[in-house]
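Worksheet for the structure shown next.
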Amino acid sequence: MYQLISEQSIYQYFGDDDPDMIRDMIQIILETNVHDLKELGDFYETKEFEIIKKRCHKAKPSMSYIGAIKTRKLLEEIEADIPNSLPLNAKLQNHLLTIEDELKKFVKTLD
């Protein structure tokens, strides 16, 4: 049903007995990690590689929580060679759009 996220992972990390808490956690991930990663292009332009590294590192656990393992691996690849990772950032940005869409669809199933 989903390309990047995993319903099973979300329930594994957040439980399946409190839809409001799941909804809140997903909202936090969207507003912090996904939002921060969507801004990486600006930091590539200014060669602020330390900020890129911190944001990628910070987002990795959240990607595991929502089951976005391919995206987590992509973050690890970026982190391993930030100065040469601009092409990977383009792929990451596509992942983020898909993740946003899938998380919003998933939250609707909680009602």
Side-chain angles (χ1 to χ4, degrees):
M1 183 173 177
Y2 299 109
Q3 289 179 19
L4 293 174
I5 70 166
S6 163
E7 228 175 311
Q8 183 180 0
S9 292
I10 293 170
Y11 288 129
Q12 178 184 338
Y13 280 102
F14 302 128
D16 58 3
D17 57 342
D18 189 351
D20 288 333
M21 195 268 296
I22 294 172
R23 198 176 286 110
D24 290 346
M25 295 306 295
I26 287 173
Q27 194 59 40
I28 289 168
I29 290 169
L30 287 170
E31 290 174 1
T32 57
N33 301 119
V34 172
H35 176 266
D36 286 352
L37 292 173
K38 287 176 86 174
E39 294 178 337
L40 290 184
D42 298 339
F43 300 111
Y44 277 101
E45 284 181 25
T46 56
K47 297 194 183 323
E48 294 180 74
F49 298 135
E50 195 57 38
I51 293 173
I52 295 168
K53 183 175 182 159
K54 285 180 182 175
R55 289 189 178 198
C56 288
H57 188 77
K58 180 182 165 198
K60 288 189 302 186
S62 295
M63 294 303 120
S64 294
Y65 301 154
I66 61 171
I69 303 307
K70 290 178 186 172
T71 307
R72 183 188 167 103
K73 288 187 188 315
L74 191 54
L75 291 171
E76 290 169 358
E77 287 180 55
I78 291 170
E79 226 182 338
D81 188 15
I82 293 170
N84 300 307
S85 64
L86 186 58
L88 292 175
N89 182 55
K91 188 174 180 181
L92 175 64
Q93 297 307 314
N94 287 330
H95 275 225
L96 296 173
L97 293 174
T98 301
I99 287 170
E100 275 185 317
D101 184 52
E102 290 181 357
L103 286 175
K104 288 175 183 175
K105 286 178 183 170
F106 173 76
V107 165
K108 287 180 183 176
T109 70
L110 296 174
D111 294 327

Using atom types as modelled, flag every donor-acceptor pair under 3.5 Å from a side chain in residues 19-31 to any protein atom, sequence neighbours excluded.
from	atom 1	to	atom 2	distance (Å)
D20	OD1	R23	NH1	2.7
R23	NH2	D111	OD1	2.9
Q27	NE2	E31	OE2	2.9

(message) Within the 4.5 Å heavy-atom criterion, are L37 and T71 side-chain neighbours or not?
(response) no
(request) Heavy atoms only: give me the nearest L40-C56 pair and the separation to one decimal. (result) CD1-SG, 4.0 Å
(message) I need the E45 CD to K47 NZ distance, nearest 0.5 Å.
(response) 10.0 Å
(message) Has E102 got a side-chain atom pairing as donor or acceptor with I5's backbone, closer than 3.5 angstrom?
(response) yes
(request) Indicate, with yes or no, if L97 and L88 share a hydrophobic cluster defined by side-chain heavy-atom contacts under 4.5 Å among Ile, Leu, Val, Met, Phe, Trp and Tyr. (result) no
(message) Between S6 and Q8, is there a side-chain donor-acceptor contact under 3.5 Å, judged purely by atom types and distance?
(response) no
(request) Determine whether V34 and K38 make a side-chain contact, defined as any pair of heavy atoms from C-beta on separated by less than 4.5 Å. (result) yes
(request) Can you tell me which residue pairs pass the salt bridge (Lys or Arg N to Asp or Glu O under 4.0 Å) test with a partner in residues 75-96, sequence neighbours excluded? (result) K60-E79, R72-E76
(message) Just verifying a value: how many Å separate N94 CG and N89 CG, rounded to the nearest 0.5 Å?
(response) 10.0 Å
(message) Count I, L, V, M, F, W, Y as connected when their side-chain heavy atoms are under 4.5 Å apart, and connections chain through other members. Are L74 and L86 then in the same cluster?
(response) yes
(message) Can you confirm whether L96 sits close enough to Q93 that some side-chain heavy atom of one is under 4.5 Å from a side-chain heavy atom of the other?
(response) yes
(request) Rounded to the nearest 0.5 Å, what's the gap from CD1 on I52 to CG on D36? Could you check? (result) 12.5 Å
(request) Compute whether any side-chain donor of one residue and acceptor of the other, for Y2 and T98, lie under 3.5 angstrom apart. (result) no
(message) Let me confirm one number: the NZ-NZ distance from K105 to K108, rounded to the nearest 0.5 Å.
(response) 8.5 Å
(request) Find out if a path of hydrophobic residues (ILVMFWY) with successive side-chain heavy-atom gaps under 4.5 Å connects I69 to L103. (result) no
(message) So which atom in L75 and which in A59 form the shortest heavy-atom distance, rounded to 0.1 Å?
(response) CD1-CB, 4.0 Å
(request) Heavy atoms only: give me the nearest S64-S9 pair and the separation to one decimal. (result) O-CB, 4.1 Å
(request) Give, for atom OH of Y44 and atom CZ of F49, the distance between the pair rounded to the nearest 0.5 Å. (result) 8.0 Å
